[in-house]
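Numbered from 1 within each chain, the chains take letters A, B, ... in sequence-line order.
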Protein chains: 4
Amino acid sequence: MSSDNILDRMMASAKLSKKETAKQQRILQSAIALFAEKGYANTSTSEIAKRSGVAEGTIFRHYGTKENLLLAVIVPFLKESLPVMAQEVFEEVHPEKQAGFEHFLRAMFLNRLRFFRENKEIFRVVVKEFVYRDELRNELMPHINRDIVVYMFRAIDYFKAKGDLPELSNERLLKLVFPFVFGRFVLRFVLASEEPPGSDEEEADFVVGFIMRGIGGLRS
Amino acid sequence: MSSDNILDRMMASAKLSKKETAKQQRILQSAIALFAEKGYANTSTSEIAKRSGVAEGTIFRHYGTKENLLLAVIVPFLKESLPVMAQEVFEEVHPEKQAGFEHFLRAMFLNRLRFFRENKEIFRVVVKEFVYRDELRNELMPHINRDIVVYMFRAIDYFKAKGDLPELSNERLLKLVFPFVFGRFVLRFVLASEEPPGSDEEEADFVVGFIMRGIGGLRS
Amino acid sequence: MSSDNILDRMMASAKLSKKETAKQQRILQSAIALFAEKGYANTSTSEIAKRSGVAEGTIFRHYGTKENLLLAVIVPFLKESLPVMAQEVFEEVHPEKQAGFEHFLRAMFLNRLRFFRENKEIFRVVVKEFVYRDELRNELMPHINRDIVVYMFRAIDYFKAKGDLPELSNERLLKLVFPFVFGRFVLRFVLASEEPPGSDEEEADFVVGFIMRGIGGLRS
Amino acid sequence: MSSDNILDRMMASAKLSKKETAKQQRILQSAIALFAEKGYANTSTSEIAKRSGVAEGTIFRHYGTKENLLLAVIVPFLKESLPVMAQEVFEEVHPEKQAGFEHFLRAMFLNRLRFFRENKEIFRVVVKEFVYRDELRNELMPHINRDIVVYMFRAIDYFKAKGDLPELSNERLLKLVFPFVFGRFVLRFVLASEEPPGSDEEEADFVVGFIMRGIGGLRS
DNA sequence: CATGAATGAGCATTCATTCAT
DNA sequence: TATGAATGAATGCTCATTCAT
């Protein structure tokens with residue numbers, strides 16, 4: 001009896017999409033490309049159909065609603081982005097064996113940089129709609145926060161215990177670092193027309209260095 | 001056959017808007033409120049007319065196009081935001097008499113924080129449409145960049161000459177600091193439903209401190 | 001705070017239709033003709049628009065919904081049919097000065113026969129939709145019953161007091177006579193393609209005679 | 001090139017329906033229930049398929065058209081209703097051995113009352129579509145008339161010869177009695193949400209008594 | 001025989017824009 | 001100058017029907 005109807009619909013529709021036919025794939029690809037370029041509100045279902053080489057009715061047979069099609073694009077991406085965003089990295093990186101928070105941060109930054117690059121178009125869709133539509137944001141934000149926060153707090157606590165991090169409150173630390181990093185991803189993959197020069201590793205060094213120095217003198 | 005037809009129209013219409021009638025004021029206010037809330041694409045001109053207590057035809061008599069109405073909202077804001085963003089602050093702050101870059105940054109941060117808070121709704125409209133519509137961004141971005149860059153480089157050069165800043169390339173410095181600060185504004189005024197606690201000065205100290213430490217060790 | 005939302009909408013929309021423009025008249029006429037012929041469900045708004053010589057959008061500007069257009073057809077007819085159906089006749093007929101119930105019945109029969117003939121097409125629409133759509137019937141029936149019953153009971157009581165009618169319960173009497181008469185109207189104006197021969201007066205004599213003899217021997 | 005193409009199709013399809021598979025039975029049942037409730041026009045084939053637990057294609061494999069499915073519902077009912085309506089009753093009732101027309105009428109009324117109650121849902125479908133769709137009515141009416149008229153006239157003539165009936169024209173007598181009785185069935189099974197109280201025999205006495213007294217004084 | 005994915009014409013409705021008053 | 005009725009193209013969506021498997 002929880003309040004998350006969007007999330008519920010997300011899960012429901014996600015379950016149905018076990019085997020995607022070739023046509024569904026094409027529909028999704030076209031939708032992603034068009035939503036990414038012009039935004040959901042400025043894309044018509046007939047455009048999507050034309051680009052997919054599919055009848056317009058076919059879209060509705062599979063997704064029922066234009067809104068549902070958007071969810072079919074966003075949801076799997078979000079479900080792979082959110083918990084994973086820290087969990088997977090956390091494990092992959094074997095924090096115990098890491099030199100410290102700096103290494104963890106660097107690994108995570110590189111991991112997400114590549115993930116978002118790999119899914120650049122969906123990332124665009126998600127960011128655009130997330131900024132554009134207050135209700136979507138209001139409904140999703142709590143869940144997103146929770147999923148990220150849980151895992152990140154675990155990591156932060158671990159490194160605090162190791163004496164690797166200043167005694168800043170977890171929340172403040174996260175609200176400082178996360179938007180900074182995420183903002184750079186948005187800039188790079190959503191707003192910029194092309195990626196800036198320089199290797200991923202250089203970028204990682206630059207960003208992580210900035211953050212580490214920046215939080216160096218912090219007290220809560 | 002110049003490339004900036006939007007900008008041209010922007011400037012032209014901006015000049016015309018010297019004397020706005022009461023009705024135009026009401027139209028603009030309603031448009032801003034609705035665009036901010038639901039986005040340009042999801043707002044109908046009839047809604048704007050109803051909220052303004054004005055006939056729908058009146059909107060078109062004044063602005064000709066819905067798109068033009070959007071520009072009439074965005075342009076003046078942009079024109080007051082951009083060059084001023086550095087120039088005015090630069091002067092207001094009397095850099096020569098300042099202790100250094102840190103003071104300049106702090107003053108500028110506070111100045112814009114208050115300006116965007118004062119114009120929160122228009123800020124929302126601009127950010128939303130800027131993120132949502134690639135063509136708008138592509139056409140405006142160069143002008144925005146130019147206006148900001150010119151003034152900011154002047155300031156950066158001044159403080160570099162004073163030995164107040166590391167020998168990082170102007171561009172890299174700007175691309176580090178500007179998105180960081182601007183991202184926090186977006187988070188606070190566009191994405192969050194309410195402003196976080198804490199005084200403006202505390203926030204300024206926090207942000208400026210982080211940046212100053214962060215850029216402390218940089219080399220280009 | 002009563003439950004009659006259809007009736008409420010009926011009244012609301014009826015109030016708005018104070019001055020009907022020429023175009024609204026044409027739209028209504030076309031809608032009536034088409035609804036009468038093919039039924040509401042089998043008539044498209046584009047058909048109505050074409051027949052009215054009006055753009056499809058114009059229909060929605062005036063009536064908002066196809067359903068509302070149906071109500072705009074039905075409601076005024078119902079409002080003029082129902083209470084009047086007995087009240088007006090009751091007065092027009094001056095029951096005190098009539099020879100008795102037989103005269104009253106005859107006057108009423110003729111009055112309604114002519115009214116329905118005059119509004120044959122709307123009558124068709126109302127009957128068809130009333131039979132076809134359970135929810136419409138369920139929502140309207142109580143109100144219709146009330147309006148008719150109140151006035152008819154008054155008349156019946158009056159004639160009972162005069163000794164003109166057997167001591168059958170009002171309800172049973174009404175449920176015998178009303179469907180019989182109304183059924184003949186439906187047959188004549190809705191189901192038959194053309195009216196049967198014979199003058200109205202002959203038909204009235206026939207029907208009233210049948211009823212009077214039929215109820216002659218009744219006991220409750 | 002005869003005029004009764006619907007009837008032809010009716011007969012043809014009726015012959016084919018000798019052996020109905022279980023699936024066809026389920027399809028027909030679902031169609032009847034849905035048509036009865038919401039009307040043919042407001043029922044989709046996919047709804048019928050879902051309710052039948054059958055693929056949508058299966059419906060079209062068996063009936064070819066949605067319209068044909070409707071006929072497959074209506075036709076057998078009509079074929080059992082019409083001639084039987086008088087013939088079977090006529091025989092079952094052994095008119096020769098009856099006390100007279102009153103008994104015949106009473107037996108017939110009871111017979112049909114029970115038949116329509118038994119097939120209430122199909123009766124609803126038939127009445128609704130018959131009222132709603134002029135072309136269906138126009139095509140079927142002559143045949144219905146013929147089937148009923150032939151048998152009824154035979155009965156009427158018989159009772160006239162016995163001196164049991166006034167010398168009213170057969171047609172006028174039928175057009176008086178038939179709609180009256182049929183109208184009560186429609187009221188009871190189609191329009192009312194539940195049947196009125198009272199036993200079938202009481203109702204029969206009431207109706208037949210009314211008719212007998214009513215036609216008592218008739219002259220053509 | 002049965003399926004259900006695919007179709008595409010058709011539908012009610014919306015909305016930016018025009019124009020006579 | 002302001003109005004608001006009128007427009008018609010475009011939109012999201014439905015649904016009877018087809019057909020390859």
Inset, instruction - Verify side chain to side chain contact (heavy atoms under 4.5 Å, CB included) between A:Val54 and A:His62, making sure each step is shown before the conclusion. - result: CA-CA 12 Å; A:Val54 154; A:His62 283 302; over 6 Å; no

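- D:Asn42 pairs by the side-chain contact (heavy atoms from CB on, under 4.5 Å) definition with C:Ala41, C:Tyr132, D:Lys38, not counting sequence neighbours.
- Listed for the C:Tyr40 side chain is a donor-acceptor partner under 3.5 Å among the backbone atoms of C:Glu67.
- Comparing atom distances between the A:Glu56 side chain and each of F:dC13, F:dT3, F:dT7 picks out F:dC13 as nearest.
- With the nearest nucleotide of DNA chain F identified for both C:Val54 and A:Gly57, C:Val54 has the one nearer the 5' end.
- Residue D:Val73 forms a side-chain contact (heavy atoms from CB on, under 4.5 Å) with just one option from D:Leu78, D:Asn68, D:Ile32, and that option is D:Ile32.
- Between C:Gly64 and D:Arg61, it is D:Arg61 whose nearest contact on DNA chain E lies nearer the 5' terminus.
- Annotation for D:Ser30 and D:Ser52: closest pair OG-OG, 3.0 Å, computed over non-hydrogen atoms.
- Phosphate proximity of F:dT1 to B:His62: absent, as no side-chain N or O sits under 4.0 Å from OP1 or OP2.
- For the pair B:Lys23 NZ and F:dT1 C1', the interatomic distance rounds to 8 Å; values are reported in whole Å.
- Chain A approaches DNA chain E over the interval E:dG4 to E:dG8, counting the first and last nucleotide 5' to 3' with an atom under 4.0 Å from its heavy atoms.
- Smallest separation of non-hydrogen atoms from A:Ala36 and A:Glu121: CB-O, 3.7 Å.
- Distance D:Glu67 CD to F:dC15 P: 17 Å, rounded to the nearest Å.
- Computed from coordinates, the A:Phe60 CZ to F:dC13 P distance equals 4 Å when rounded to whole Å.
- The only member of A:Lys66, A:Glu56, A:Lys50 that meets side-chain hydrogen bond (donor to acceptor under 3.5 Å, both in side chains) when paired with A:Thr45 is A:Glu56.
- Separating the NZ atom of B:Lys50 from the P atom of F:dT3 is a distance of 15 Å, rounded to the nearest angstrom.
- In this structure, A:Lys66 places its NZ atom 15 Å from P of F:dA10, rounding to the nearest Å.
- Residues satisfying the salt bridge (charged side-chain N to carboxylate O under 4.0 Å, His left out) test with A:Arg137, not counting sequence neighbours, are A:Asp134.
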Inset, instruction - Step by step, work out the side chain to side chain contact (heavy atoms under 4.5 Å, CB included) result for C:Thr58 and C:Arg26. - result: CA-CA 11 Å; C:Thr58 306; C:Arg26 287 216 308 282; over 6 Å; no

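- Base-pairing analysis of DNA chain F finds the following stems of at least three consecutive Watson-Crick or G-U pairs, with both pairing distances under 3.5 Å: E:2-21 with F:2-21.
- Here F:dT3 presents its P atom at 10 Å from CD1 of B:Ile59, a figure rounded to the nearest Å.
- Annotation: the span from B:Ser46 atom OG to C:Arg61 atom CZ amounts to 9.0 Å, rounded to 0.5 Å.
- Contacts with DNA chain E (heavy atom under 4.0 Å) in residues 35-46 of chain B: B:Thr43, B:Ser44, B:Thr45, listed by number.
- With sequence neighbours left out, the ring pair (Phe, Tyr, Trp, His ring centres under 6.0 Å) criterion links B:Phe77 to B:Phe115.
- Between the CG atom of D:Leu71 and the P atom of F:dA16 there is a distance of 15 Å, given to the nearest Å.
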